[in-house]
Amino acid sequence: MKLQEIIEICDKHKNIIISGHIHPDGDCIGACYALATILHKRGINASVVLEDVPDTYDYLDGSKFLLETIKEDIDVFISLDCGDKDRLGINAKLFDSAKTTINIDHHISNTKFADKNYVLDVSSTCEMIFEIMKDNMDLLDKGICESLYTGIIYDTGAFKHSNTTKRTHEIAGELIKYDIDFTDITNRVFYYKTFKALKVTGKAIDNAQLFHNDMIIITTLTMQELKENNYSKKDTEAIVQILNEVINTECAVFIMETEENTYKVSLRSKNKINVCEIAKTFGGGGHIKASGCTISGNLSEIKDQLINQIIMQIEE
Ligand SMILES: [Mn+2]
């Protein structure tokens with residue numbers, strides 16, 4: 001697909017909506033903002049509709065195209081970074097009402113749910129948006145480059161994940177020509193945190209313990225500890241990942257009390273342990289290396305049960 005094709009479709013219409021998946025991430029948001037900016041530069045009044053955009057991405061200039069509510073009928077609906085229609089969330093209704101639909105995505109599981117579908121197995125939707133612009137490089141500007149760079153680093157874990165290719169690096173190279181502050185973008189996307197998040201992480205690190213020949217690392221936070229400093233759930237997001245960074249451990253567990261005797265458990269693994277299986281035995285789920293569940297009961301018993309399940313997998 002080329003940008004010209006999208007422009008030709010949009011030129012015939014008035015109400016153009018760009019959207020993406022629920023719980024939008026850096027790639028989804030970056031791609032929507034970049035495409036909206038590109039279309040505006042060609043005189044097309046496209047708007048972005050996304051639910052609950054994290055304030056992490058407020059630095060992106062394209063956020064000015066984000067609409068709160070849509071009243072009018074939709075002519076063209078462009079779905080970005082979304083594998084199936086259900087993942088559009090409440091915006092699936094807008095998709096259904098549109099006269100023409102376009103789907104641009106990099107999830108191999110994409111169900112090709114639109115009138116026009118463009119699905120490639122590449123690092124990110126932002127990488128696809130860059131490629132679409134091939135014949136219109138004059139439209140590229142600093143704001144668009146910041147959006148595309150944000151999406152590429154988000155989905156590749158800053159060029160760390162196996163979806164990173166030579167081409168991904170080449171595109172990033174083209175983007176940094178526009179004098180974008182890539183250090184600041186990387187810090188905002190991955191590292192900057194609130195002081196409260198830093199303090200609660202410190203508390204969790206302080207509580208951490210090793211088990212089973214130092215192969216399992218576990219930490220806990222009780223409601224009492226969370227309340228003391230008014231910590232919220234959002235402040236605790238980075239904790240389990242930090243535990244998993246301890247060298248030579250196989251499995252990291254973060255147990256947080258959410259109600260009296262009810263605990264939210266987050267699990268991460270490095271190599272052979274399938275934490276999704278462990279979460280499933282407690283009614284949860286997720287991915288092989290990242291999963292979660294909620295368990296009710298006594299904290300020390302819950303800890304013992306989790307340790308036993310992990311040891312069973314280590315010794316398999
Ligand atoms: Mn993506």
Side-chain angles (χ1 to χ4, degrees), residues 1 3 6 17-39 46 48-60 62-63 65-66 77-92 95 101-114 116-134 143-172 174-175 180 182 185-186 188-190 237 241 286-290:
M1 189 178 266
L3 181 63
I6 300 171
I17 291 296
I18 302 171
S19 188
H21 63 75
I22 47 167
H23 311 299
D25 58 23
D27 184 36
C28 178
I29 295 161
C32 287
Y33 289 175
L35 186 59
T37 311
I38 295 160
L39 293 178
V48 176
V49 181
L50 289 170
E51 263 184 287
D52 304 324
V53 173
D55 52 20
T56 310
Y57 301 102
D58 285 354
Y59 66 93
L60 292 173
S63 57
F65 301 118
L66 194 60
F77 189 106
I78 306 172
S79 169
L80 301 180
D81 199 41
C82 186
D84 63 75
K85 206 178 84 180
D86 288 347
R87 294 258 304 149
L88 289 169
I90 56 160
N91 296 320
F95 179 91
T101 56
I102 301 171
N103 159 25
I104 301 171
D105 184 36
H106 71 121
H107 296 94
I108 41 164
S109 58
N110 191 290
T111 57
K112 307 202 171 157
F113 53 92
K116 283 204 179 298
N117 301 284
Y118 186 48
V119 181
L120 288 181
D121 184 12
V122 295
S123 75
S124 52
T125 301
C126 281
E127 188 171 326
M128 293 179 75
I129 299 292
F130 182 88
E131 301 286 24
I132 279 171
M133 292 182 73
K134 226 170 229 167
I144 296 167
C145 289
E146 285 167 343
S147 287
L148 295 179
Y149 194 85
T150 295
I152 289 172
I153 63 160
Y154 184 89
D155 267 16
T156 60
F159 312 106
K160 194 170 79 174
H161 303 329
S162 58
N163 60 357
T164 308
T165 62
K166 175 170 172 275
R167 184 68 188 142
T168 314
H169 282 285
E170 283 165 359
I171 293 169
E174 291 301 315
L175 298 176
I180 62 170
F182 52 84
I185 294 173
T186 306
R188 284 174 185 273
V189 172
F190 293 110
E237 272 166 10
Q241 188 53 45
H287 306 282
I288 293 170
K289 291 183 177 176

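Ligands are counted one by one from 1 in listed order, and the atoms in each one are counted from 1 as well.
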Report task. Kindly check if the number of other-residue, nucleotide or ligand heavy atoms within 6.0 Å of NE2 (His161) is above 12? Result -> yes
Report summary line: For residues 156-167, the salt bridge (charged side-chain N to carboxylate O under 4.0 Å, His left out) pairs (sequence neighbours left out) are Glu131-Arg167, Lys166-Glu170, Arg167-Glu170
Report task. Less than 2.8 Å from the Mn ion (ligand 1) is the window; count the protein N, O or S atoms in it. Result -> 4
Query raised in the report: Are the side chains of Asp25 and Asp81 in touch, meaning some heavy atoms are under 4.5 Å apart?
Result: yes
Query raised in the report: Run the ring-ring contact (aromatic ring centres under 6.0 Å, His included) check on Phe95 and Phe113 step by step: do they pass?
Result: CA-CA 10 Å; Phe95 179 91; Phe113 53 92; 5.4 Å; yes
Query raised in the report: Strictly by modelled atom types, are Thr165 and Thr168 linked by a side-chain donor-acceptor pair under 3.5 Å?
Result: yes
**Report entry** Expected output: side-chain Asn110 to main-chain His107 donor-acceptor under 3.5 Å
**Finding:** no
